[in-house]
Chemist: 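The structure under discussion is supplied below as structure tokens; questions concerning it will follow.
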2 protein chains.
Amino acid sequence: MENYQIDSLDREILKALQADARQSYLDIARQLDVSGGTIHQRVNRMRAAGIITGSKITVDAKRLGHGVTVLLGLHLTNAKAMSKVLAKLETFPEVLEAYYTTGGFSLILKIAVRSIEDYHQFLIRKLQAIDEVQSTESFICMDQPINRDIEI
Amino acid sequence: MENYQIDSLDREILKALQADARQSYLDIARQLDVSGGTIHQRVNRMRAAGIITGSKITVDAKRLGHGVTVLLGLHLTNAKAMSKVLAKLETFPEVLEAYYTTGGFSLILKIAVRSIEDYHQFLIRKLQAIDEVQSTESFICMDQPINRDIEI
DNA sequence: ATTGAAATCATTAGCGA
DNA sequence: TCGCTAATGATTTCAAT
């Protein structure tokens, strides 16, 4: 079922689970006026089709000690080093996301650390210790006024 | 319980729910060799403390028709317009995230659209239609080789 | 998409270390 | 305080329709 097209019921189920992944299928069924078994069947189908890829709790990063988020533009000395650099970046748990983009950077990273001091250490000890990293440009996030999911 | 400090059991519970928010508390209990009631109690406590803020399913954006992700650096004509611009950005469902950062941009946005054509339309019809937007710099994401959560 | 039934789970309260 | 057990009502899950 690689090219299963969702219908409006699927869409409503996705919205409900996007808002609260742990809510019971029966609750969703009652909201949508269908049987519990139907929700179950649809969710399974969307899982099999690769539309639903998993679920996770959302946590407050600050309460877990990761108070500082940084976006970072990276320049490499040569584009051929990309896969080697990525392999290295994967070993740094501070690197949450890496984007290969058009525009003036080789890579853009999203990084989470405990503090500015930790970020400084991360930069000089880890990131700039990679030979192929030519330069970096840091955008330290002071606030994230918008954070939401794609409109389903 | 605003300053509740988590212990190693909490940490393991968070890891488990981060990997799969819908797995049953009893399953987690068996993995961690404690009772189901204990998991329940801990989760409730972490919710009350604001450590767990919710849960959501993860979906494949491409399968839902949002094939193009763009990071965008925004320059405003004047910093005082920030709140007005943010209010406007909130009305655009294409804007998933907005970061107020140090460095050369007033704001950095993460945007999801169906196609490059849609992105072009979004840029000229919506974003650049805001008076206070001076200029934009687009970083179109061709690949996202790293995507993970903070290390708990 | 529904039903119905068996297995499993969530949730709470009270007990004990 | 923290984790455990026990009990009940709710949910999940699956097969048949």
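Letters go in sequence order (proteins before strands), and every chain restarts at 1. Any value given below was found using the heavy atoms of this structure, including those in side chains, with hydrogens, waters and symmetry copies removed.
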Chemist: Quickly work out the B:L26 CG to D:dT11 P distance and round it to whole Å.
Modeler: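 Going from CG in B:L26 over to P in D:dT11 covers 16 Å.
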Chemist: Salt bridge (charged side-chain N to carboxylate O under 4.0 Å, His left out) with B:R30: which residues, sequence neighbours excluded?
Modeler: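 B:R30: salt bridge (charged side-chain N to carboxylate O under 4.0 Å, His left out) contacts with B:D27.
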Chemist: Describe, as an angle rounded to 10 degrees, how the axis at the first end of the helix from C:dA1-D:dT17 to C:dA17-D:dT1 is tilted relative to the axis at the last end, five pairs per end.
Modeler: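 Terminal axis comparison yields 40°.
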Chemist: Grab the CD1-P distance between B:I39 and D:dT5 for me, whole Å please.
Modeler: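 B:I39 atom CD1 is separated from D:dT5 atom P by 13 Å.
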Chemist: Using a 3.5 Å distance criterion without hydrogens, assess whether the side chain of A:R114 forms a donor-acceptor pair with backbone atoms of A:Y119.
Modeler: no
Chemist: Can you tell me how far P of D:dT11 sits from CD of A:Q31, to the nearest Å?
Modeler: 12 Å
Chemist: Would you say that more than 12 heavy atoms from the other residues, nucleotides or ligands in this model lie under 6.0 Å from the CD of A:E151, or not?
Modeler: no
Chemist: Round to a whole Å and report the spacing from CG of B:L32 to P of D:dG3.
Modeler: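 Taking CG of B:L32 and P of D:dG3, I get 12 Å after rounding.
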Chemist: Between A:R30 and D:dT11, does any side-chain N or O lie under 4.0 Å from OP1 or OP2?
Modeler: yes
Chemist: What does B:S35 touch in the nucleic acid at a heavy-atom separation under 4.0 angstrom: a base, only the sugar-phosphate, or nothing?
Modeler: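 Base contact.
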Chemist: Would you mind telling me which residue lines up with the more 5' stretch of DNA chain D, A:Q41 or A:G37, judged by nearest nucleotide?
Modeler: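 By nearest-heavy-atom nucleotide position, the 5'-most residue is A:G37.
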Chemist: Rounded to whole Å, please give me the gap between NE2 in B:H40 and P in D:dG3.
Modeler: 15 Å
Chemist: From OH of B:Y25 over to C1' of C:dC9, roughly how many Å is that when rounded to an integer?
Modeler: 11 Å
Chemist: For DNA chain C, whose closest nucleotide is more 5', that of B:D27 or that of A:L9?
Modeler: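 Counting from the 5' end, the first nearest nucleotide belongs to A:L9.
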Chemist: Would you mind checking if B:R42 and B:D7 are paired as a salt bridge, meaning a charged N to carboxylate O distance below 4.0 Å?
Modeler: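 Here B:D7 pairs with B:R42 in a salt bridge, since their nearest N and O are under 4.0 Å apart.
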Chemist: Hey, does the side chain of B:R42 come within less than 4.0 Å of D:dC2's phosphate (OP1/OP2), counting only N and O?
Modeler: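 Answer is no, no contact under 4.0 Å.
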Chemist: For A:D33 and C:dA1, what is the distance between atoms CG and P respectively, to the nearest whole Å?
Modeler: 13 Å
Chemist: Check the orientation of B:H75 and B:F105. Use parallel for under 30°, tilted for 30 to 60°, and perpendicular for over 60°.
Modeler: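 Plane angle between 30° and 60°, so tilted.
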Chemist: Would you check if the side chain of B:T58 reaches a backbone N or O of A:G54 as a donor-acceptor pair within less than 3.5 Å?
Modeler: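 Yes, B:T58 side chain to A:G54 backbone: donor-acceptor pair under 3.5 Å.
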Chemist: Base, sugar-phosphate, or nothing for A:I28, non-hydrogen atoms under 4.0 angstrom?
Modeler: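 Here A:I28 touches no strand at all.
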Chemist: Round to a whole Å and report the spacing from OH of B:Y4 to P of D:dT1.
Modeler: 13 Å
Chemist: Is the closest side-chain heavy-atom distance between A:I28 and A:L17 below 4.5 Å?
Modeler: yes
